[in-house]
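Read through the structure below, which is laid out as structure tokens, and then see the notes.
To find a chain, count down the sequence lines: A is the first, B the second, and so on, and within it residues start at 1.
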There are 2 protein chains.
Amino acid sequence: MTSLRDVAERAGVAVSTASAALNGTRPVAAATRRRVERAAAELGYRPNLLARGLQSKRTRILALLFPAPRSGFGLTEMQFATGAAEAAGELGYHLLLSPESADPIEELRHLTGLGLVDGVLLMEVGLDDERTAFLAESGVPFAMIGRTREPGGIDHADIDFAATADAAVAHVAGLGHRKLAFFNLAEDTHAARYGPAIRAGAEFERAAKEAGLAYVGGYRPGSAEDGGKAFEDLIDAHPDVTALAVMDDHAAAGVIAAVARHGRRIPEDLTLLLVLSSARVAGMFHPRLTTLEPPSTELGRLGARMLIGRLQDESQGGPRARLLPCRLVVGDSSAPPREGGTW
Amino acid sequence: MTSLRDVAERAGVAVSTASAALNGTRPVAAATRRRVERAAAELGYRPNLLARGLQSKRTRILALLFPAPRSGFGLTEMQFATGAAEAAGELGYHLLLSPESADPIEELRHLTGLGLVDGVLLMEVGLDDERTAFLAESGVPFAMIGRTREPGGIDHADIDFAATADAAVAHVAGLGHRKLAFFNLAEDTHAARYGPAIRAGAEFERAAKEAGLAYVGGYRPGSAEDGGKAFEDLIDAHPDVTALAVMDDHAAAGVIAAVARHGRRIPEDLTLLLVLSSARVAGMFHPRLTTLEPPSTELGRLGARMLIGRLQDESQGGPRARLLPCRLVVGDSSAPPREGGTW
DNA sequence: TTGTAGGCGTTATCAT
DNA sequence: ATGATAACGCCTACAA
């Protein structure tokens with residue numbers, strides 16, 4: 001390990017001068033600076049992050065609190081992590097992947113007590129999340145990917161459910177549909193997901209009504225089987241439905257199977273939208289489903305950037321909130337409704 | 001931040017004694033130890049990891065080199081990460097998520113030069129991976145999830161492709177099938193995946209032959225469309241094939257669609273196996289596919305444990321290699337072959 | 001403009 | 001068994 005001392009010796013200056021030359025933290029003669037820089041380069045010098053952190057009380061390490069993978073977990077969550085790690089890296093920070101245990105609060109207490117991280121990034125934030133209270137109270141800088149019911153003064157990056165619903169509804173309405181059904185996430189979905197479920201449900205209903213579409217909600221199938229059943233119920237009660245937006249991948253699979261059982265086809269007899277899933281997943285369906293793809297990587301990036309921004313600039317203004325809409329990726333499951341066709 | 005000094009003061013001992021009492025690094029009178037422990041507990045003392053690391057030259061931080069998410073990326077890779085993070089946490093280590101940039105070597109040089117990490121965990125290891133050479137040369141402890149062509153002296157945890165193929169073949173043969181086809185990963189798959197492709201292909205062929213099954217290989221569809229085409233080609237050349245194992249999720253989707261186009265059914269007319277994919281993904285297909293699910297979380301855990309083991313015990317023996325088979329999860333796509341049926 | 005000295009929190013060494 | 005002291009590598013005064 002080559003230290004600053006080695007560099008200083010080689011450049012024939014004092015350690016503090018070498019430090020200043022490298023960090024620009026105080027005026028240094030141009031010639032001296034060049035000598036130091038050359039010495040550093042020749043020695044392949046890298047400042048020791050531990051020493052720097054010990055001194056400066058800032059480690060430039062962020063922790064990402066990562067929930068244990070469970071059903072419904074996948075690409076999106078991974079993109080949060082990689083996005084955050086990337087953005088952190090670009091700003092000279094590192095990201096610690098901190099899997100959440102049974103007792104997240106104790107976990108947090110431990111993690112922040114170590115003095116290892118400058119701030120914490122929360123994901124899978126519940127509508128009422130005890131972690132936010134703890135962090136706020138203990139004064140640890142943090143930001144959320146997602147948001148609590150009342151994000152109030154907390155920095156966060158989340159999906160813009162209103163804009164997402166508007167885009168979906170506009171797509172469907174533009175094709176000529178007059179009635180839209182919505183299958184929400186299952187009730188027993190992890191509480192953390194409840195936020196997205198609540199918001200998406202509310203916004204789809206609002207958007208549909210604003211666009212003059214009839215709207216059918218209330219279904220929450222959480223598996224392929226449930227999806228099929230929900231679809232049967234739906235067409236039973238609403239035989240005139242021609243468009244359906246589904247939040248759960250498995251439920252969508254069940255819907256597709258059910259449509260086939262009826263001898264009907266997608267998109268001719270039903271326009272099917274997959275909400276909050278990736279185009280990659282959509283490509284596994286036949287036909288390839290139209291998707292509203294969450295900007296997960298970007299949300300991860302934003303979260304990290306917000307947190308770092310706050311760490312670096314204490315005087316930063318009020319809390320930042322960034323909401324990003326899902327991207328509409330039109331697949332082969334979108335088409336105008338069949339004339340006069342009913343189930 | 002309460003420091004060891006505070007604890008020592010409160011316990012009425014010297015800092016070094018407090019340290020010793022807490023770490024058991026030298027004999028301490030039982031009474032003294034208790035006083036110190038009580039003081040520490042009362043103050044909520046946590047040792048500062050940076051200071052400790054600076055002094056001991058060991059940070060107890062591992063870096064996981066994480067490739068940028070690309071097509072074909074998903075649950076498996078995330079499970080490597082979470083598994084590794086979990087296992088590390090259990091052993092008192094932390095995991096740094098280090099996304100790989102365009103220049104992995106430079107990235108590694110940077111990362112290891114910082115003195116921030118004790119060791120590196122590699123994933124998505126290619127058959128010939130330049131990173132291993134660099135790490136070996138620079139003396140940084142590391143382990144692989146996956147393996148190079150010749151893992152030689154490098155610790156690694158990987159899938160046991162031989163046992164996986166045996167299990168798949170036994171399952172198929174047990175149902176009465178006499179001929180097995182295999183769709184490998186697409187050729188243009190990221191080089192890192194090439195290892196799994198090579199090994200799986202070779203082992204399926206071997207296992208089939210050993211079990212007395214006819215074997216058809218050589219197909220490498222990388223998309224739903226390709227999967228459909230490959231299936232057409234397959235039944236054209238081998239109308240008597242009754243069982244098919246597919247490595248690519250999208251290709252499997254294409255096969256399913258193609259079977260349906262022929263007015264045939266799964267599993268009555270074709271037993272379909274999804275290799276190296278999760279049961280979760282399999283559940284999105286209809287019917288639910290039989291899967292050979294990689295033990296990704298466990299591989300991540302093993303990788304971390306191996307690395308930590310080596311860090312803690314220099315005198316550890318030769319390189320450790322752990323190969324774990326995929327788990328066979330029987331779905332609704334497995335059935336005995338139809339008597340005398342051909343395509 | 002540059003060098004010296006002190007300290008960040010911890011552990012290791014050396015006395016006592 | 002315990003206490004003082006010196007590092008670890010860096011940065012920030014302060015002095016020159």
Side-chain angles (χ1 to χ4, degrees), chain A residues 1-37 39-40 43-61 92 94 110-118 312, chain B residues 1-37 39-40 43-61 92 94 110 112-118 311-312:
Chain A
M1 261 293 293
T2 137
S3 81
L4 193 54
R5 183 180 173 165
D6 304 322
V7 176
E9 267 175 20
R10 181 173 245 262
V13 299
V15 182
S16 64
T17 304
S19 171
L22 259 23
N23 298 311
T25 175
R26 79 180 188 196
V28 168
T32 312
R33 145 166 296 133
R34 270 196 303 279
R35 278 216 318 286
V36 172
E37 279 168 349
L43 264 44
Y45 167 75
R46 314 261 174 185
N48 182 307
L49 248 42
L50 294 192
R52 177 175 283 181
L54 182 58
Q55 150 69 29
S56 67
K57 302 285 198 189
R58 311 188 66 224
T59 63
R60 299 179 83 87
I61 300 178
H94 291 268
H110 178 76
L111 186 65
T112 57
L114 261 20
L116 188 56
V117 303
D118 288 345
Q312 293 183 334
Chain B
M1 259 293 291
T2 137
S3 81
L4 194 54
R5 182 179 173 167
D6 304 322
V7 175
E9 268 175 19
R10 182 174 246 262
V13 298
V15 183
S16 61
T17 304
S19 172
L22 260 22
N23 298 311
T25 175
R26 79 181 187 194
V28 168
T32 312
R33 146 165 297 133
R34 269 196 304 277
R35 279 217 316 286
V36 172
E37 279 168 350
L43 265 45
Y45 167 75
R46 314 262 175 184
N48 182 307
L49 250 42
L50 294 193
R52 175 176 285 181
L54 182 57
Q55 153 68 30
S56 67
K57 301 286 198 187
R58 311 188 65 223
T59 63
R60 299 179 81 87
I61 300 177
H94 291 269
H110 179 75
T112 57
L114 260 21
L116 188 56
V117 303
D118 287 346
L311 288 172
Q312 293 184 334

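Rounded to whole Å, atom C1' of dA7(D) lies 17 Å from atom CG of L4(A). The interatomic distance linking E9(B) (CD) with dG3(D) (P) rounds to 13 Å, in whole Å. If you measure from atom CE of M1(A) to atom P of dA7(D), you get 18 Å, rounded to the nearest angstrom. Distance CZ (R5(A)) to P (dC11(D)): 16 Å, rounded to an integer number of Å. For R46(B) and dT10(C), the CZ to P distance is 13 Å, given to the nearest whole Å.
DNA chain C is contacted by N48(B), A51(B), R52(B), Q55(B) of residues 48-55 of chain B, taking any non-hydrogen atom closer than 4.0 Å. Taken residue by residue, residues 20-33 of chain A places heavy atoms nearer than 4.0 Å to DNA chain C at R26(A), P27(A), V28(A), A29(A), T32(A).
Residues meeting the side chain to side chain contact (heavy atoms under 4.5 Å, CB included) test with R10(A), sequence neighbours left out: A39(A), E42(A), L43(A). Under the side chain to side chain contact (heavy atoms under 4.5 Å, CB included) criterion, T17(B) pairs with V13(B), A14(B), R26(B), T32(B), not counting sequence neighbours. L22(A) is linked by a side chain to side chain contact (heavy atoms under 4.5 Å, CB included) to L4(A), V36(A), E37(A), A40(A), Y45(A), counting only residues two or more places apart in sequence or in another chain.
No donor-acceptor contact under 3.5 Å links the side chain of S19(A) to the base of dT12(D).
Once rounded to the nearest 0.5 Å, the distance linking CG of N48(B) with CD of Q55(B) reads 12.5 Å.
The side-chain heavy atoms of R52(A) and N23(A), taken from C-beta on, include a pair separated by under 4.5 Å. Side-chain contact between L50(A) and L116(B) is present, with heavy atoms from C-beta onward closer than 4.5 Å.
The residue from V117(B), I61(B), L114(B) that alone fulfils the side-chain contact (heavy atoms from CB on, under 4.5 Å) condition with H94(A) is L114(B).
Minimum interatomic distance between V28(B) and R33(B) (heavy atoms only, all atoms of both residues): CG1-N, 3.7 Å. Nearest heavy-atom pair across T2(A) and G44(A) is CG2-O, 4.2 Å. M1(A) and G113(B) make their closest contact through SD-O, 3.9 Å (heavy atoms, listed as atom of the first residue, atom of the second, distance).
Inter-axis angle, ends of the helix from dT1(C)-dA16(D) to dT16(C)-dA1(D), five pairs per end, rounded to 10 degrees: 50°.
Residue contacts for S16(A): at a heavy-atom cut-off of 4.0 Å it reaches a base atom on one of the strands shown.
Regarding contacts with the backbone of dG3(C), a side-chain N or O of T17(A) is found under 4.0 angstrom from either OP1 or OP2. Regarding contacts with the backbone of dG9(D), a side-chain N or O of K57(B) is found under 4.0 angstrom from either OP1 or OP2.
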